[in-house]
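To keep things clear, I will list the structure first and then write my remarks on it.
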Amino acid sequence: MREINVNEITEAVSSMCIEVNHVLSEDMKCALDNAFNKEESELGKQILDQLKENLVIAKEEMIPICQDTGMAVIFMEIGQEVHFTGGSLEDAINEGVRKGYVEGYLRKSVVDDPIIRNNTKDNTPAVIHYSVVPGENVKITISPKGFGSENMSRVFMLKPADGIEGVKNAILTAVKDAGPNACPPMVIGVGIGGTFEKCALMAKHALTRKAGVHSDIPYVKELEEEMLDKINALGIGPAGLGGSVTAMAVNVETYPTHIAGLPVGINICCHVNRHIERVI
Amino acid sequence: MTKNITVPMDEQTKLDLTAGDYVYLTGTIYTARDAAHKRMQESLDKGEALPIDIVNQIIYYMGPSPAREGKVIGSAGPTTAGRMDRYTPRLLDLGLGAMIGKGKRTQDVKDAIVRNKSVYFAAVGGAGALLSKSIIKSEVVAYDDLGTEAIRKLEVKDFPVIVVADSKGNYLYK
């Protein structure tokens, strides 16, 4: 058994929230460079150039990449040999978010109730997903999610007879509807299978995969590549103003499902697909 | 066409703007997003005056991140305009001059833009650090309690936008 004091979790979450909102990960920077090289529209290229410049300013001057520093979505993979000490783990995670968002000059975008809507003024609570895995480490993944793109995300409860073509249509429908609202070039997270909530969670988790890395399952890898081409053929382009790059990656996760169902979750992310991992 | 414009604009300047024009704005604009729009709507419903005179002014749909010490503002890019669509035709009919945001508008908004000879600009979403460099002054002028959603008066210099919907009914998004 390994003991971890929850203060260590608070400190990690706090610094990760600040870093992820100012410095885009290497995989996403590469994806943006590739987008710039591939883009055929002159205006599209100009916009992608601004996005690249934006990343430089954000990092050098410590100004958040986007003013929507998101609702903090946190995946906690906890080794089953770990024993947390020093207080509640969930409180410690939220304290890390509070500290990171207040001390890091990040925007407070969370309201306490979906209808009453008073700002909590510290961006808490986070949305936390726990899983227990073998071992004695804790892996923390944080992906602050902006809502311009979150609002364009969808769940489709397809029929088994709809098959892979139904899945492809669902993805294209969601991306077309998102259009300029989701700040293209986008990253598309897709979850196929499971249940209503499982497909949405897989879609969210798929966004944390490095851009350019494909699924190990051959047909899923093919689907990712085919959908990226089909989405880019839509012509939505950077900022939705037309062009050959509408998405930079399509990441798909799958899970067994029920004999009667084919759930498909599509989580759309803007070009600022922030994700950061740390193992404790 | 690339243009440099002083804001607020006169009517002829607005009439001359065409969807697709790349425009640098210099002058005064105001911010307001979801919560501020809801409050303005409630004030109008009660017959009360709005906290700012919107006539001929530009509203930028934006809620910034906090400014670091010595900085004017934090990250300051546009939010999705469509969420304001429910409130927009009424504000345009009351004289609102123009809007800056990102993303699609409803037909009702597009009709109100033509009817009032207004214009809807898009700024590049997700470029908030870069756009903040074009904001030289920021002051909360109403709804301070709303935090990032307060109404701010901004002085901008060469703030880059693209005309998406013009007064002649042209619309840039497909």
Side-chain angles (χ1 to χ4, degrees), chain A residues 21-22 43 46-69 101-102 104-109 111 117-121 146-149 151-152 176-185 234-242 270-273, chain B residues 2 19-22 31 33-35 38-39 60-83 85 101-105 122-135 145-150 160-164 171-174:
Chain A
N21 275 299
H22 291 90
L43 179 58
Q46 193 180 340
I47 287 161
L48 292 170
D49 196 43
Q50 288 182 11
L51 297 182
K52 286 167 55 167
E53 191 186 348
N54 185 61
L55 293 182
V56 174
I57 294 171
K59 187 178 175 182
E60 284 180 358
E61 301 192 29
M62 286 300 279
I63 302 170
I65 302 164
C66 177
Q67 75 290 338
D68 187 353
T69 51
Y101 275 74
V102 171
Y105 295 86
L106 303 176
R107 197 178 77 178
K108 322 306 181 285
S109 310
V111 292
R117 305 193 78 85
N118 289 315
N119 196 302
T120 63
K121 297 191 163 65
F147 262 55
S149 55
N151 281 338
M152 307 318 289
K176 268 190 246 174
D177 288 350
N181 292 26
C183 289
L234 293 174
I236 295 167
L241 296 169
C270 59
H271 53 83
V272 191
N273 181 29
Chain B
T2 300
D21 284 350
Y22 202 97
T31 70
R33 46 169 296 154
D34 307 60
K38 182 164 183 283
R39 263 198 207 173
Y60 179 22
Y61 303 135
M62 191 276 286
S65 65
R68 285 183 180 271
E69 290 87 356
K71 298 273 186 185
V72 171
I73 201 163
S75 196
T79 197
T80 308
R83 292 195 314 277
D85 282 353
K102 67 168 166 96
K104 296 179 261 194
R105 309 304 307 253
V124 175
L130 176 69
L131 289 169
S132 75
K133 311 295 278 182
S134 300
I135 299 170
D145 61 300
L146 292 180
T148 186
E149 294 203 77
V161 293
I162 296 159
V163 178
V164 167
Y171 187 64
L172 194 57
Y173 296 133
K174 282 181 195 150

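The figures that follow rest on heavy atoms only: side chains count, while hydrogens, waters and symmetry mates do not. Quick note on labels: first sequence line is chain A, next is B, and so on, each numbered from 1.
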[X] vs [Y] side-chain heavy atoms within contact, under 4.5 Å:
X: A:N119; Y: B:L146; result: no
X: A:E61; Y: B:K133; result: yes
X: B:L131; Y: A:Q67; result: no
X: B:T148; Y: A:K108; result: no
X: B:K102; Y: B:T80; result: yes
X: B:R83; Y: B:R33; result: yes

Name the region of [X], side chain, backbone, both or neither, that has any atom closer than 4.5 Å to a heavy atom of chain A.
X: B:R105; result: neither
X: B:A76; result: backbone
X: B:I162; result: side chain
X: B:A67; result: backbone
X: B:S75; result: both

- Item | Most chain B-contacting option - heavy-atom pairs closer than 4.5 Å, from A:N181, A:T69, A:I63, A:I57 | A:N181

- Item | Pairs of heavy atoms under 4.5 Å with chain B: top-ranked of A:L43, A:N21, A:I65 | A:I65

Proximal component of [X], with respect to chain B [non-hydrogen, under 4.5 Å]:
X: A:L55; answer: neither
X: A:N151; answer: side chain
X: A:L106; answer: backbone
X: A:K176; answer: backbone

- Query: Quick check: are there more than 12 heavy atoms from other residues, nucleotides or ligands sitting under 6.0 Å from NZ of A:K52?
  - Reply: yes

- Message: Out of B:G82, B:G63, B:P160, B:S132, return the one with the most heavy atom pairs under 4.5 angstrom to chain A.
- Response: B:G63

- Heavy atoms only, distances under 4.5 angstrom: which of B:G128, B:S65, B:G103, B:G147 has the most pairs with chain A? Name it, please. B:S65

- For A:D177, what residues pass the side chain to side chain donor-acceptor pair (under 3.5 Å) criterion, not counting sequence neighbours? A:R154

- Task: Sequence neighbours left out, what passes side chain to side chain donor-acceptor pair (under 3.5 Å) with B:K104? Give chain and number order.
- Result: none

